[in-house]
Number of protein chains: 2
Amino acid sequence: MANRAKATIFDIAREAGVSKSTVSLVLQGSGLIRPETASKVRKAIEDVGYVYNRGAANLRKAHSNVIGMVINDLTNPFFAELAVGMERVFQSAGIVPFIANTAENPVRQEEVLKSLMEQGVAGLIVSPARGTTPGAFRRIETAGLPVVFAMRRLPESRIPVIAPDNHRGAYLATAHLIGKGHRRLVFFGGSSDLVVYHDRLGGFREACETQGISDRDALVVEGETSRRGGIACLETALAMAEPPTAALCFNDAVAFGAMLALRKRGLEPGTDFAIVGFDDVAEAEHYMPALTSVAVDSAGLGERAAHVMLKMIQSRTTRAEDHIGAVNLVVRESCGPDRRTRNRTAGSGSTN
Amino acid sequence: MANRAKATIFDIAREAGVSKSTVSLVLQGSGLIRPETASKVRKAIEDVGYVYNRGAANLRKAHSNVIGMVINDLTNPFFAELAVGMERVFQSAGIVPFIANTAENPVRQEEVLKSLMEQGVAGLIVSPARGTTPGAFRRIETAGLPVVFAMRRLPESRIPVIAPDNHRGAYLATAHLIGKGHRRLVFFGGSSDLVVYHDRLGGFREACETQGISDRDALVVEGETSRRGGIACLETALAMAEPPTAALCFNDAVAFGAMLALRKRGLEPGTDFAIVGFDDVAEAEHYMPALTSVAVDSAGLGERAAHVMLKMIQSRTTRAEDHIGAVNLVVRESCGPDRRTRNRTAGSGSTN
DNA sequence: GCTACTAAATGGAACGTTCCAATAAATCAA
DNA sequence: TTGATTTATTGGAACGTTCCATTTAGTAGC
């Protein structure tokens, strides 16, 4: 019946009339203990209101069964999904992952990583904050702790990465727009401090290049990766002397913003201006019009990252293969009908 | 230069030519150490690649500086906001909170709580999973660990609660609908295993009662608290012999679903059927039509919960006052114009 | 030169567990 | 019976820190 001071295995031992070692073995589920003894001990555990002290145990065991997940933005459902995917895997492996949010702040990230290490985690899955400095993980690497990057990678790092095929996704989406007859395209949102940005922009550019869109017709408008950023991007684009007719957006939030801004100007997304998003968050399907977007299966990537981590821990290595997840373009309504059948002169040689 | 085996304060001591006790004092920022000695030690700490072992320290200190946040559904931005609000406060208090997700699963919750306790957290902020059994927190209570419930409470529990004024929010929203001229109303979504459901439904009923809507005209359709649930609720309601003309939804997700279903039937949310949501998630503002909703400031409630927890830890008590957060109705477009001026006979005595 | 005091640094015990080597009890082979 | 083997249990040392009681060195007062 729960004393003031917390109970230890010694209290259990006294209660059950055995030694502390026996209690320890029971706690670890060892088969060496006689079943009757074990159940006697288990009863005592209940009676004294014992809670296991993992910190003390780790002092000897060196193997800690807790894994840290460091997420750059938990309020973005895209990353929340990632976390949930990982959790699913860890749960069935009997591990409780602790999630920490960095709010896209490298300083905060530093604190969080430090704290997680001090806590003695067995491994770390990280979606690094924007602007993470190259050296941020050096200390962790030299400590020999397994780390996996999810969704994002760092420019020069040797840490394994689990991420979607951003290049290919952007390529597919852009090709789709070009196939619809668009001849002047724009890439909306993001900024170059993010590796993902370069990947997606690269796919956009390659598609333009291989499908005969000149560099001058492959525009780029940087901006915040949020609804607000999308609104701003669209304003900028439409203010151009020769505005584009279609946009590939850095992510769905930007796409929603762009569609909102279109509506505000009396333009209909899809028919007047084509929009493709990236990530395919749950909301995309339910929007009006439903958003065409590149699906990346973030929960699936989370599961994959968790599996890789488990494997690394098990084989006590700090290296693993990168894994680039498949993407696919989910075509909905936000790119409207085929432009070529609708307006034969559109997009080429307009003098306006 | 980081050895294979992890460095301890003894290694630092040897490196710096002092005793382990001196190192310990430096780590704790004690003023007893001569500044030159301290900096010598700090250099050694860098050199050996030391990482503090909080588990070992807690063995003596008993004061752990980590706080657990247990969230029922991280993919719901409403709860993610709550977590982020708490984090903001803890961060400035030099505490790193660990977030764990229960995915609305009481069994998972049990595991998560156990693990957090074993880790030796200083306190717990919990948004309990649906269907949490009354005894789920008994063990934690008897351990004397401070716990705060956020957003949700348990039927008979003595644990302090930080939650929005659900009753009042529902009352305000319902009164708004009645003020618009609606005479046959419905409450959409949720189910009675949730205390919040009773609170919100209670507000709905009280408003109907005090504003002259008979019980027979205050309908209830239970359902999932998701978009899908909202769609189902609307179908059910419109299939009634005498369908309602306005709905208060359990949360915004249900409201979005209901609006979707209206559109699918060729009805316009706002003009043909009024919808009010609850929670006022970010999306509500951007929907078409923009959703009228009860704003509850979940980030603010998170901050409040964190403050209460900090206070409890500081004063080493396990009791605190409940805190009911103010709510306010954000009127947007989903309830349309005033019905009375538009259609004088609506809602009363229609024989259809 | 002595005591009294302050400031700085230190050694040892303790925290709650695990793991190894050792013991005790039970069974078996001869 | 004796010794060997197996099964069940146990004591002690170790893990990396903190904290208390001491020690050591330095300064001041007389």
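What you see is a predicted model; the values in this text were computed from it and never measured. Just so it is clear: chains get the letters A, B, ... in the order the sequence lines come, proteins before strands, and each one is counted from 1.
Relative to the side chain of S19(B), the nucleotides dG11(D), dT10(C), dA8(C) differ in distance, and dT10(C) lies closest.
Contact of the E15(B) side chain with the K43(B) side chain is not registered, since no non-hydrogen atoms from C-beta on lie closer than 4.5 Å. A 4.5 Å side-chain heavy-atom check between M69(B) and I99(A) finds every atom pair outside the cut-off. Put simply, the side chain of E156(A) reaches to within 4.5 Å of the side chain of L154(A), judged on heavy atoms. Here the side chains of V66(B) and I95(B) are not in contact, with every heavy-atom distance at 4.5 Å or above.
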- Note on the structure: Annotated structure of DNA chain C as dot-bracket, pair cut-off 3.5 Å, Watson-Crick or G-U only, | for inter-strand, is ||||||||||||||||||||||||||||||
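Between E104(B) and R152(B), at least one side-chain nitrogen of the basic residue sits less than 4.0 Å from a carboxylate oxygen of the acidic one, meeting the salt-bridge criterion. Between R153(A) and D199(A), at least one side-chain N (NZ, or NE/NH1/NH2) sits under 4.0 Å from a carboxylate O, which counts as a salt bridge.
Rounded to whole Å, atom P of dC19(D) lies 12 Å from atom NE2 of H63(B). Taking atom CZ of residue R14(B) and atom P of nucleotide dT10(C), one finds them 15 Å apart after rounding to whole Å.
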- Any chance you could list the contact pattern along nucleotides 13-19 of chain C? Use B for base contacts, S for sugar-phosphate-only contacts and - for none, protein heavy atoms under 4.0 Å, 5' to 3'. BBBBBBB
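Using cut-offs of 30° and 60° for the angle between ring planes, the F137(B) and F149(B) rings count as perpendicular.
Taking 4.0 angstrom as the limit, T37(B) places a side-chain polar atom (N or O) nearer than this to OP1 or OP2 of dA9(C).
When the ring pair (Phe, Tyr, Trp, His ring centres under 6.0 Å) test is applied to F79(A), no partner is found at least two apart in sequence or on another chain.
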